[in-house]
Chemist: 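What follows is a single structure, and I will ask about it in a moment.
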Amino acid sequence: MFHKHLPAIRDEISGNAALGHVAKISGFHRIQASPGYRAAAQYVLSQLTRHGIDAEILSFPAKESCSWWSQAGFMEWDCEEADLSLLLDGKAERICSFDDEKISLIQRSAPTNGRIQTALVLVEDAHLESSYEGRDVSGKIVFSRGDQTAIARIAVDKMGAAGILVDNMNEFSPVRDRMDIPNARQYTSFWPIRAKEFTAFGFVVSPRQGESLRKRFEDGAKEIPCSALVKSRFYDGSFEDVSAVIPGETTEEVVAIAHLCHPEPSANDNASGSGALLEAARALSDMVKDGRLPKPKRSIRFLWVPEMAGSYMYL
């Protein structure tokens, strides 16, 4: 059966159409439970309905009082603006800008409540309380490398720092060293993401920027004056699952799923899967409608969800 229909499906599927969806979806800043994710969900719905596919958006509450099995609920988050600048010789050197690169901010960062003037300090192994012995980081931004949530829990929650800065880049020896992609920033977010438990903000620099900053400290700088702003907010909002179906002959269903979330301009994770699923839904629906494919025995359900959380909610 599969091999009988495969040539016709190959002829119908458009790689260019799928790529076009990837380009569109990757243009949304698709953090789970955010306006950007919702806009991406609306785009997917618009494309499904344009092709006459039975589709809908299922909405679930984004608030901390909810849970779905092992998935604890969390609030919606939005960021309007964020930046971090070094203040050197009376001039501002911007090293992070949410407008320029969304992932230069640690996602789900708390707001600064206005622009703050402070100092950047280097603390290696900043996830360990012992690293702060004899040091006062209160009100400052701690620069380090490592798990951002663990660093913030010590630096901000226990030591009174204003925020953190990291130059993380995962390494996969012997395939990839951090300096193989020296100008890339690693996508980071504060997890767990219950706003009432976490009040830190943070920024991300590339490996090359990180080495430049470390050189300043090696050359004798104890701290570097800086300016930071984060205009963000947490609030009760919603999650969206996009659901579409090609009806079958029975009540059983086969489910094809892609996660729609992740930051602008992330394509592999997972605009590519979402775009491919959109084109698959369009092609199979058109072929069933005009008789090139028989009506499926089982309904085919297509789902675009926030990763993991959206699956729990749907089920």
Side-chain angles (χ1 to χ4, degrees), residues 2 5-60 62 76 78-79 99-103 107 184-185 187 189 237-248 253-290 292-293 296 298-311 313-314:
F2 174 78
H5 296 298
L6 184 58
I9 294 172
R10 280 178 171 163
D11 288 343
E12 178 64 22
I13 288 283
S14 168
N16 283 335
L19 181 61
H21 292 317
V22 175
K24 289 285 189 180
I25 292 169
S26 63
F28 297 105
H29 190 50
R30 311 177 310 281
I31 301 303
Q32 292 195 13
S34 74
Y37 176 90
R38 188 169 303 112
Q42 289 289 348
Y43 170 78
V44 171
L45 180 67
S46 72
Q47 298 306 302
L48 293 166
T49 56
R50 183 166 71 91
H51 291 288
I53 302 171
D54 183 14
E56 63 179 333
I57 287 182
L58 306 174
S59 184
F60 305 90
E76 185 165 327
D78 186 28
C79 181
D99 283 344
D100 291 344
E101 289 186 74
K102 296 293 189 289
I103 57 174
Q107 304 305 301
R185 300 179 202 249
Y187 164 47
S189 183
S238 63
F239 297 92
E240 289 76 30
D241 284 356
V242 184
S243 174
V245 66
I246 298 175
E253 291 188 354
V254 173
V255 178
I257 191 168
H259 71 263
L260 186 59
C261 59
H262 280 34
E264 174 195 341
S266 178
N268 276 347
D269 198 0
N270 184 32
S272 56
S274 294
L277 193 62
L278 253 178
E279 175 58 7
R282 194 279 312 163
L284 293 175
S285 176
D286 283 356
M287 293 179 75
V288 170
K289 287 176 183 176
D290 65 19
R292 285 177 290 160
L293 285 178
R298 298 172 179 85
S299 295
I300 305 173
R301 175 76 58 181
F302 300 90
L303 292 174
W304 291 261
V305 304
E307 187 177 17
M308 295 182 289
S311 298
M313 293 168 191
Y314 180 81

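One is the number of the first residue; the rest follow in order along the sequence.
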Chemist: Tell me, with the steps shown, if E12 and R282 meet side chain to side chain contact (heavy atoms under 4.5 Å, CB included).
Modeler: CA-CA 10 Å; E12 178 64 22; R282 194 279 312 163; 2.3 Å; yes
Chemist: Compare all side-chain heavy atoms of L260 with those of Y43 and state whether any distance is below 4.5 angstrom.
Modeler: no
Chemist: Closest heavy-atom contact between V22 and A271?
Modeler: CG2-O, 3.5 Å
Chemist: Please list all pairs passing the salt bridge (charged side-chain N to carboxylate O under 4.0 Å, His left out) test where one or both residues lie in residues 265-276, with sequence neighbours left out.
Modeler: none
Chemist: Measure across S26 and A23 and return the closest heavy-atom pair with its distance rounded to 0.1 Å.
Modeler: OG-O, 3.1 Å
Chemist: Under the side chain to side chain contact (heavy atoms under 4.5 Å, CB included) criterion, do F28 and R38 qualify, and how do the steps go?
Modeler: CA-CA 9 Å; F28 297 105; R38 188 169 303 112; over 6 Å; no
Chemist: Is the shortest side-chain heavy-atom distance between D241 and P306 below 4.5 Å?
Modeler: yes
Chemist: Looking at side-chain heavy atoms only, is the closest gap between S266 and R30 below 4.5 Å?
Modeler: yes
Chemist: Going from CG on L277 to CH2 on W304, what distance comes out if it is rounded to the nearest 0.5 angstrom?
Modeler: 4.5 Å
Chemist: Which distance, rounded to the nearest 0.5 Å, do you find between the CZ of R301 and the CD1 of I257?
Modeler: 11.5 Å
Chemist: Using 0.5 Å steps for rounding, measure from the CD1 atom of I25 to the OG atom of S272.
Modeler: 9.5 Å
Chemist: Working to the nearest 0.5 angstrom, can you tell me the gap between M287 CE and S285 OG?
Modeler: 11.0 Å
Chemist: Could you check whether any side-chain heavy atom of I13 comes within less than 4.5 Å of a side-chain heavy atom of E279, counting everything from C-beta outward?
Modeler: yes
Chemist: Could you give me the CA-CA distance, side-chain angles and deciding distance for H262 and E307, then say whether side chain to side chain contact (heavy atoms under 4.5 Å, CB included) is met?
Modeler: CA-CA 9 Å; H262 280 34; E307 187 177 17; 3.2 Å; yes
Chemist: Indicate yes or no for a side-chain donor-acceptor contact from E76 to the backbone of S238 under 3.5 Å, with no hydrogens or angles considered.
Modeler: yes
Chemist: Counting only pairs under 3.5 Å, give me each side-chain donor-acceptor contact of residues 48-55, with atom names and distances, residues two or more places apart or in other chains.
Modeler:
{"from": "T49", "atom 1": "OG1", "to": "L45", "atom 2": "O", "distance (Å)": "3.0"}
{"from": "T49", "atom 1": "OG1", "to": "S46", "atom 2": "O", "distance (Å)": "3.2"}
{"from": "R50", "atom 1": "NE", "to": "Q47", "atom 2": "OE1", "distance (Å)": "3.4"}
{"from": "R50", "atom 1": "NH2", "to": "Q47", "atom 2": "OE1", "distance (Å)": "3.1"}

Chemist: Would you please say whether a donor-acceptor pair under 3.5 Å links the side chains of H29 and Q107?
Modeler: yes
Chemist: Looking at CD1 of I246 and CZ of F302, how far apart are the two atoms once the value is rounded to the nearest 0.5 Å?
Modeler: 4.0 Å
Chemist: Verify, without hydrogens or angle tests, whether N270 (side chain) and H259 (backbone) share a donor-acceptor contact under 3.5 angstrom.
Modeler: yes
Chemist: Can you tell me how far SG of C261 sits from CZ of F239, rounded to the nearest 0.5 angstrom?
Modeler: 10.5 Å
Chemist: Is it true that a side-chain atom of S299 and a backbone atom of G248 form a donor plus acceptor pair closer than 3.5 Å?
Modeler: yes
